[in-house]
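Written below as structure tokens is the structure these notes are about.
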Amino acid sequence: LGGSEMCIRDSFYVTTDGVEISGFTIKGATDAWCAGIYLHRANNCVISHNSVMDNYIGVIAGFTDNNLIYHNEFRNNTIQAYDNTGENLWDDGYPAGGNYWSDYTCIDADGDGIGDVPYTDISGCAGATDRYPLCEVLVDPCELYDTNGTPGIQKDEAVKAIADYLIYHTIDKATAVAVLNCYFFG
């Protein structure tokens, strides 16, 4: 896979360790071999709570290790995801779950919202798998915290998300970051 060498534009091209990308709608990288998110030799990154759609490739994990990619919506990408190492996690274990894949037919006999069969259509030579694919798109964290009737996340709603994470421990860090991204970036 040539990646950015052949691509005119990747939406996010990450070459630094420890990056978190959360709370974005990522689309439009439609040129051949372009990715919505391209992790290139970037390790220990967290990619969560994003809508990754209408790209040539949704996410590329190229020559990377120990990245956590979960609670994302992968919709209508020509290639949903690509991983050439197999050392990345495409889910956050059970019961948290993995990602929503628009090309996945969910069978959920126990009704827990997680597919009973792993998602194995992650391209690349690594055999990467989302062991706990989601049957439905998760509710957007920004919609959960947008409670006062005004458009977008307001200061009081962002403060509540911070308190829920730091003080009450009722949400995870990725959810708090997603809400703050909505507050700061719309």
Side-chain angles (χ1 to χ4, degrees), residues 1-94 96-104 114-115 118-134 137-138 140-142 172-182 184-185:
L1 182 72
S4 67
E5 292 87 16
M6 294 188 289
C7 180
I8 294 170
R9 65 167 206 261
D10 294 309
S11 293
F12 285 91
Y13 184 74
V14 181
T15 60
T16 303
D17 293 348
V19 172
E20 293 187 27
I21 300 173
S22 184
F24 290 94
T25 297
I26 303 162
K27 63 182 184 177
T30 56
D31 295 333
W33 303 111
C34 289
I37 300 172
Y38 189 152
L39 300 175
H40 182 73
R41 299 188 191 279
N43 304 307
N44 303 306
C45 297
V46 177
I47 310 299
S48 67
H49 297 94
N50 299 291
S51 293
V52 183
M53 59 182 69
D54 303 323
N55 300 290
Y56 189 82
I57 303 173
V59 171
I60 296 174
F63 309 104
T64 64
D65 294 314
N66 300 317
N67 295 298
L68 178 57
I69 304 160
Y70 74 105
H71 289 183
N72 298 289
E73 170 190 3
F74 288 89
R75 186 179 298 279
N76 303 325
N77 300 291
T78 304
I79 298 170
Q80 296 281 41
Y82 178 95
D83 186 341
N84 68 358
T85 66
E87 299 298 324
N88 300 297
L89 289 174
W90 291 85
D91 60 69
D92 195 25
Y94 186 85
N99 299 285
Y100 172 82
W101 307 90
S102 64
D103 59 344
Y104 176 74
I114 294 174
Y119 179 82
T120 58
D121 201 20
I122 298 171
S123 297
C125 57
T129 299
D130 180 343
R131 300 168 301 163
Y132 305 104
L134 302 175
V137 177
L138 290 176
D140 180 355
C142 296
D172 63 7
K173 180 179 179 182
T175 302
V177 169
V179 173
L180 291 176
N181 280 339
C182 292
F184 286 112
F185 305 114

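Just so you know, these numbers use all the heavy atoms, side chains as well, and skip hydrogens, waters and symmetry mates.
Closest approach of S22 and A178 over heavy atoms only: OG-CB, 3.5 Å. The shortest heavy-atom contact between G97 and L134 is CA-CD2, 4.1 Å. Scanning both residues, T64 and R41, for their nearest heavy atoms gives CG2-N, 3.6 Å. Between V59 and I69, the shortest heavy-atom contact is CG1-CD1, 4.4 Å. For P118 against P133, the heavy-atom pair with the smallest separation is CA-CD, 4.1 Å.
Taking the side-chain hydrogen bond (donor to acceptor under 3.5 Å, both in side chains) definition, one finds that D103 meets it with Q80, Y119, sequence neighbours left out. Evaluation of the side-chain hydrogen bond (donor to acceptor under 3.5 Å, both in side chains) rule for T129 yields no partner, not counting sequence neighbours. Considering only residues two or more places apart in sequence or on other chains, F74 meets the ring pair (Phe, Tyr, Trp, His ring centres under 6.0 Å) condition with W101. Applying the side-chain hydrogen bond (donor to acceptor under 3.5 Å, both in side chains) test to D83 and every residue at least two apart in sequence or in another chain returns T85, N88, W90. When the side-chain contact (heavy atoms from CB on, under 4.5 Å) test is applied to T16, the partners found at least two apart in sequence or on another chain are V19. Every residue meeting the side-chain hydrogen bond (donor to acceptor under 3.5 Å, both in side chains) condition with E20, not counting sequence neighbours, appears here in chain and number order: K173. In this structure D91 satisfies the salt bridge (Lys or Arg N to Asp or Glu O under 4.0 Å) test together with R131, sequence neighbours excluded. C45 pairs by the disulfide bond (SG atoms under 2.5 Å apart) definition with nothing, not counting sequence neighbours. Residues that satisfy the side-chain contact (heavy atoms from CB on, under 4.5 Å) test with D17, not counting sequence neighbours, are N43. Scored by the ring pair (Phe, Tyr, Trp, His ring centres under 6.0 Å) test, Y56 finds W33 as partners (sequence neighbours excluded).
Within the structure, every pair that satisfies the salt bridge (charged side-chain N to carboxylate O under 4.0 Å, His left out) test and touches residues 53-74, not counting sequence neighbours, is listed here: E73-R75.
Remark: side-chain polar atoms of N76 are not paired, donor with acceptor, to backbone N or O of S102 under 3.5 angstrom. Under a 3.5 Å cut-off, the side chain of D130 and the backbone N or O of N99 do form a donor-acceptor pair. With hydrogens and angles ignored, the 3.5 Å screen pairs no side-chain donor or acceptor of S48 with any backbone N or O of Y70. The backbone N or O of C125 lies less than 3.5 Å from no partner atom in the side chain of N84, so there is not a single donor-acceptor pair. One N or O on the side chain of N77 and one on the backbone of V52 form a donor-acceptor pair closer than 3.5 Å.
Rounding to the nearest 0.5 Å places CD1 of I26 at 7.5 Å from CG of N72. Expressed to the nearest 0.5 Å, how far CG of L68 lies from CG of N44 amounts to 10.5 Å. How far CD1 of I21 is from CD1 of I47: 4.0 Å, rounded to the nearest 0.5 Å. The CG atom of D121 sits 12.0 Å away from atom OH of Y104, with the distance rounded to the nearest 0.5 Å. For the atom pair N50 CG and S11 OG, the distance stands at 11.0 Å (nearest 0.5 Å).
Taking the six-membered ring where the residue is Trp, the centroids of F12 and F24 are separated by under 6.0 Å.
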